[in-house]
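Step one of this worksheet: look at the structure below.
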Amino acid sequence: MEDTVIRAEGLTKFYRMGEVEVQALRGLSLLVKRGEAVAIMGPSGSGKTTLMNILGCLDRPTSGEYILDGEKVSGLTDDQLAGIRNRKIGFVFQTFNLLQRTSALANVELPLSYANLPNDGRDRAVAALRAVGLESRMKHRPAELSGGEQQRVAIARALVNEPAILMADEPTGNLDSKVGQGIMDLLLSLNRERNTTLLIITHDPRIAAQTQRTIQIRDGLIEENIQ
Amino acid sequence: MKIKRVLRETFTSLSANKLRTGLTILGIVIGVAAVIAMLSVGQGAQNSITSSINSIGTNIVYISAGARARFSAGNFNSVRNIRQLTLADAQALMDPFQAPSVKAVAPVIQGGDISASANGQTTTTTVYGVTTSYFSIRNELVSEGAFFNDQQVNTHARVAVIGPDLATTLFGQTTNLTGQTIRINGQTFTIIGVLQSKGGSSAGSSDNQAIVPLTTARDRVVRRAGTTVDGVYIQATSAQAVSEANTQVSNIMRLRHHVAVRKEDFSVMSQQDLLTTATSITGILTAFLGGIAAISLLVGGIGIMNIMLVSVIERTREIGLRKALGARNRDIMIQFLVESSFLSLLGGLIGILLGWLISLIIGQIASASGTTLNPAVSLNAVLLATLFSAAVGLFFGIYPARRAARLEPVEALRYE
Ligand SMILES: Nc1ncnc2c1ncn2[C@@H]1O[C@H](COP(=O)(O)OP(=O)(O)O)[C@@H](O)[C@H]1O
Ligand SMILES: [Mg+2]
């Protein structure tokens, strides 16, 4: 098995806004080993989210090479990218992004809908909820859960297809610090116990301090890479 | 994505907004109900017209004076002088050599809106003056009494056989009427029989009538010059012989009236012609009404499209999320198409039930006002409505579904 999960070289991302061109990424290169936990920090507008969208195969770079888990991503079709997101990447969003109209369990099952499973995969969804400590609340709807619990459901959803990488964009941004720390502990323990690579964008230096490595981004480039 | 999962998600997403779902479905329900009701009432009308034409008798050809309307000016001018039919014409049609396919002939004179009174009651009715052959040709049967005989015709007897509706109007009953007196057009007749009911629609109800000997009718009820008659019923020897009888009768009449082919001053109409005409008229009517109803179905479809477009916008973030979780464009497309088809199919099924109910109610109203109309919901109409409504959902769902499928995941996720 390839030891490097993320190998990105010279990534650029330009947005045209009429006359002006916004350079969100300006030739950024990055290597992440399997099982690493990496915090990405940087001021607002520095390109963190843009980078994560590209690394998560949600978006394409304007130029640059990207090899994810041994697979060359540039040049893949939309459908192939969707398949990669489904199998290899688990997203955790700042605003949870749960479907309000269905139960926690149904939310966790959502990625299974798009996977080619031999069965309905319910046991996997239940196991994922158990892993985040919410097995007893699986029939509840998001509105009946606290913010921290909702983020746990979102993490279970990210886990259910056993991805190589968990990507979290400010996962504690909408939570108070105590609950946020609980989420952080959960993510780090998943990283340790399952060897799932963790990429986490955060503003909070105390959270960044808990990862093995912190990357500082400024103006679309890596400014500092602290091991 | 597995179909079971798609259906489950469709169900949760549609039941999350029940009022909206209900209102959207309503458009389709009304459209389909209208289509079904119109088609089934049309079919029912066709059935009752067919059966009332069949009740005229079997293997019948009817001759009347005047050309059948042809929509060309030339023909119209050529029949300026209409020669009336006479008893002699009727007699000639019985010729076994020139008209071997003719089994029986019945000349008739008739008058509508003729006053009839008895038992202190007065009404109007249709009076037929006929010869004895009429009864068997028209399949008339009596519920009591008897028809008149040749001798009564020859002696201008003042006897009448009355229809059950006329009997009920005047006497409040259809039994124990033989021997009673009835005044028709002010003349006294003795009732000798009451006809069995033939049913049929109120327009031209064959149950409100009085049948009297041709001779008596001409003298006292519907006056006609000389031996003129209004029409001649002819019965062919068999169903297969109807068109031959038609030809033979036409040939004889052309010779007698000295007219060329397509210049006839009489018209020959077989029961089959009547059926064909009636069927085509009700068919056009049904198609017309069904077409109007289909427009409302179209409007319902536009309603679905509208709601699906709103839904796509509302669920932009959800679409972005689904894509982030691995949904392909095709998966999103299918999800929205299944939703819109499900909406219209559900509306279609409810609409079929409602339309069926409406057609029953129309049937009830019709029969309450004296018209026999049994709306017939045909399997074809149901299949048509089901397919059509599903197609409406698919068609009007395609555009919103494509918009959903084409959303960029990053853009969609950022959507507030
Ligand atoms: N879709 C877009 N269109 C135009 N500019 C964009 C778009 N997305 C991001 N940007 C710009 O790119 C830069 C980096 O954005 P982003 O990656 O969201 O920063 P961060 O997440 O670090 O706050 C910002 O200047 C932002 O305005
Ligand atoms: Mg950001």
Side-chain angles (χ1 to χ4, degrees), chain A residues 13 15 24 49-50 52-54 56-60 77-103 105-122 125 141 143 154 157-161 163 167 169, chain B residues 1-22 307 310-339 342 401-416:
Chain A
K13 182 71 182 180
Y15 295 106
T49 298
T50 306
M52 183 160 288
N53 286 341
I54 290 171
C57 299
L58 279 170
D59 206 356
R60 291 189 164 91
T77 65
D78 283 354
D79 282 359
Q80 288 169 321
L81 290 181
I84 287 186
R85 292 196 293 270
N86 186 248
R87 286 187 314 266
K88 298 199 168 172
I89 296 165
F91 289 99
V92 179
F93 305 93
Q94 179 175 353
T95 51
F96 322 143
N97 274 341
L98 298 176
L99 295 187
Q100 297 299 320
R101 56 174 183 270
T102 54
S103 66
L105 182 63
N107 269 286
V108 175
E109 283 181 328
L110 207 49
L112 301 170
S113 308
Y114 306 113
N116 274 324
L117 292 181
N119 55 7
D120 73 351
R122 169 146 301 178
R141 292 181 184 220
R157 180 181 63 193
L159 283 178
V160 74
N161 271 338
M167 296 194 177
D169 193 344
Chain B
M1 202 155 56
K2 294 213 178 75
I3 190 72
K4 202 175 116 196
R5 218 179 260 278
V6 176
L7 289 178
R8 193 175 341 131
E9 292 208 3
T10 300
F11 187 76
T12 34
S13 97
L14 291 181
S15 54
N17 210 333
K18 291 195 183 68
L19 180 63
R20 177 197 285 187
T21 302
I307 282 302
V310 171
S311 164
V312 167
I313 291 170
E314 279 179 355
R315 285 153 74 185
T316 300
R317 270 179 85 91
E318 174 189 331
I319 294 163
L321 170 74
R322 286 177 183 272
K323 288 195 159 186
L325 299 181
R328 295 162 300 180
N329 291 0
R330 157 173 18 133
D331 295 320
I332 302 291
M333 179 104 183
I334 288 172
Q335 182 190 345
F336 279 87
L337 275 185
V338 168
E339 264 184 44
F342 185 83
R402 281 172 83 104
R403 274 181 69 154
R406 284 180 179 172
L407 286 173
E408 288 294 330
V410 174
E411 301 291 323
L413 272 171
R414 285 190 340 161
Y415 184 85
E416 289 302 322

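Small disclaimer: the values here were computed from a predicted structure and weren't measured. Each chain gets a letter, A, B and so on, in the order the sequences are listed, and its residues count up from 1.
Side-chain atoms of A/R85 do not come within 3.5 Å of backbone N or O of B/G326 as any donor-acceptor pair.
For A/N53, the part lying under 4.5 angstrom from a heavy atom of chain B is the side chain only. Contacts of A/T49 with chain B are absent, with no heavy-atom separation under 4.5 Å from either backbone or side chain. In this structure, the portion of B/A16 lying under 4.5 Å from any heavy atom of chain A is its side chain and not its backbone. Of the two parts of B/S13, the backbone and the side chain both hold a non-hydrogen atom closer than 4.5 Å to a non-hydrogen atom of chain A.
For B/L7, the side-chain contact (heavy atoms from CB on, under 4.5 Å) partners at least two apart in sequence or on another chain are B/I3, B/V338.
Looking only at heavy-atom pairs under 4.5 Å with chain B, the residue among A/Q80, A/R87, A/R101, A/Q100 that has the most is A/R101.
In terms of heavy atoms, A/L99 sits closest to A/N107 at N-OD1, 2.7 Å.
Ion pairing between B/R322 and B/E318 holds under the 4.0 Å rule for side-chain N and carboxylate O. Ion pairing between A/D78 and B/R330 fails under the 4.0 Å rule for side-chain N and carboxylate O.
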